[in-house]
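Reviewing the structure listed below.
Quantities reported herein were computed from a predicted structural model and do not represent experimental measurements. Start at 1 and go down the list; that is how both ligands and their atoms are numbered.
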Amino acid sequence: ALMITDECINCDVCEPECPNNAISQGEEIYVIDPNLCTECVGHYDEPQCQQVCPVDCIPHDPAHEENKDELMAKYLIISGQA
Ligand code: SF4
Ligand code: SF4
């Protein structure tokens, strides 16, 4: 999964781009639900939120490191295909 750092400026550009609805507004900044973030595997070749973030504050979440197979398995589960 990816994560949003405290450099987030709450611009709201990323939230509508997420195909998994993993992004929402948290108490202070936007947040990514690691249970829903597939790093866009299953939908796109590149993480869409990273593409649009103007301050480049969406790195990999070191607490939720996953390989492509694990991300695809997550995609299949949350999309109801597994
Ligand atoms: Fe959503 Fe993709 Fe960003 Fe994860 S990487 S939060 S699935 S847009
Ligand atoms: Fe925050 Fe970047 Fe999302 Fe804007 S696009 S809300 S700065 S994480």
Could you give me the CA-CA distance, side-chain angles and deciding distance for Ile32 and Asp61, then say whether side chain to side chain contact (heavy atoms under 4.5 Å, CB included) is met?
CA-CA 10 Å; Ile32 292 175; Asp61 183 348; over 6 Å; no

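- Interatomic distance, Cys37 SG to Glu66 CD, rounded to the nearest 0.5 Å: 7.5 Å.
- Looking from atom 1 (Fe) of ligand 2 to the surrounding protein, the closest heavy atom is Cys8 SG, 2.3 Å.
- Residue Cys57 has at least one heavy-atom neighbour below 4.0 Å for each of these atoms of ligand 2: 2 (Fe), 8 (S).
- When atom types are taken as modelled, the side chain of Glu46 and the backbone of Tyr44 share no donor-acceptor pair closer than 3.5 angstrom.
- The main-chain N or O of Val41 is never found under 3.5 Å from a side-chain atom of Lys74 such that the two would form a donor-acceptor pair.
- Between the side chains of Glu39 and His60, at least one donor N or O sits under 3.5 Å from an acceptor N or O.
- If you number the atoms of ligand 1 from 1 as listed, the ones under 4.0 Å from a heavy atom of Thr38 come out as 7 (S).
- In this structure, Ile4 has a heavy atom closer than 4.0 Å to ligand 2.
- Neither the backbone nor the side chain of Ile23 has any atom closer than 4.0 Å to an atom of ligand 2 (non-hydrogen atoms only).
- The closest side-chain donor-acceptor pair between Gln81 and Tyr75 falls under 3.5 angstrom.
- In the vicinity of Cys40, heavy-atom distances shorter than 4.0 Å reach the ligand 1 atoms 2 (Fe), 5 (S), 7 (S), 8 (S).
- For residue Cys49, no N/O/S atom approaches atom 4 (Fe) of ligand 1 to within less than 2.8 Å.
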Applying side chain to side chain contact (heavy atoms under 4.5 Å, CB included), run through Asn10 and Ile29 and close with a yes or a no.
CA-CA 6 Å; Asn10 292 308; Ile29 57 173; 4.1 Å; yes

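- Judged purely by distance below 3.5 Å, without hydrogens or angles, the side chains of Asp12 and Tyr30 pair a donor atom with an acceptor atom.
- The atoms of ligand 1 that sit less than 4.0 Å from any heavy atom of Cys18 are 1 (Fe), 6 (S), 7 (S), 8 (S).
- Short contacts between ligand 2 and Pro54, defined as distances under 4.0 Å to a heavy atom of the residue, involve ligand atoms 5 (S).
- Panel note: side chain Asn20, backbone Ala22; no donor-acceptor pair is recorded below 3.5 Å.
- The heavy-atom pair separating Cys14 from Cys49 by the smallest distance is CB-CB, 3.9 Å.
- Looking only at protein heavy atoms, the nearest one to atom 7 (S) of ligand 2 is Ile9 N, 3.4 Å.
- Atoms of ligand 2 found under 4.0 Å from any heavy atom of Val55 (numbered from 1 in listed order, with element): 7 (S).
- Regarding atom 4 (Fe) of ligand 2, its nearest protein heavy-atom neighbour is Cys11 SG, 2.2 Å.
- The distance from ligand 2 to the heavy atoms of Asp12 drops below 4.0 Å at these ligand atoms: 4 (Fe), 6 (S).
- Remark: ligand 2 atoms within the under-4.0 Å shell around heavy atoms of Tyr30 are 6 (S).
- Between the side chain of Gln50 and the backbone N or O of Pro47, no donor-acceptor pair lies under 3.5 Å.
- Those atoms of ligand 1 with a heavy atom of Asn20 less than 4.0 angstrom away are 7 (S).
- When only non-hydrogen protein atoms are considered, atom 2 (Fe) of ligand 2 lies nearest to Cys53 SG, 2.4 Å.
- Of all protein heavy atoms, the one lying nearest to atom 3 (Fe) of ligand 2 is Cys14 SG, 2.3 Å.
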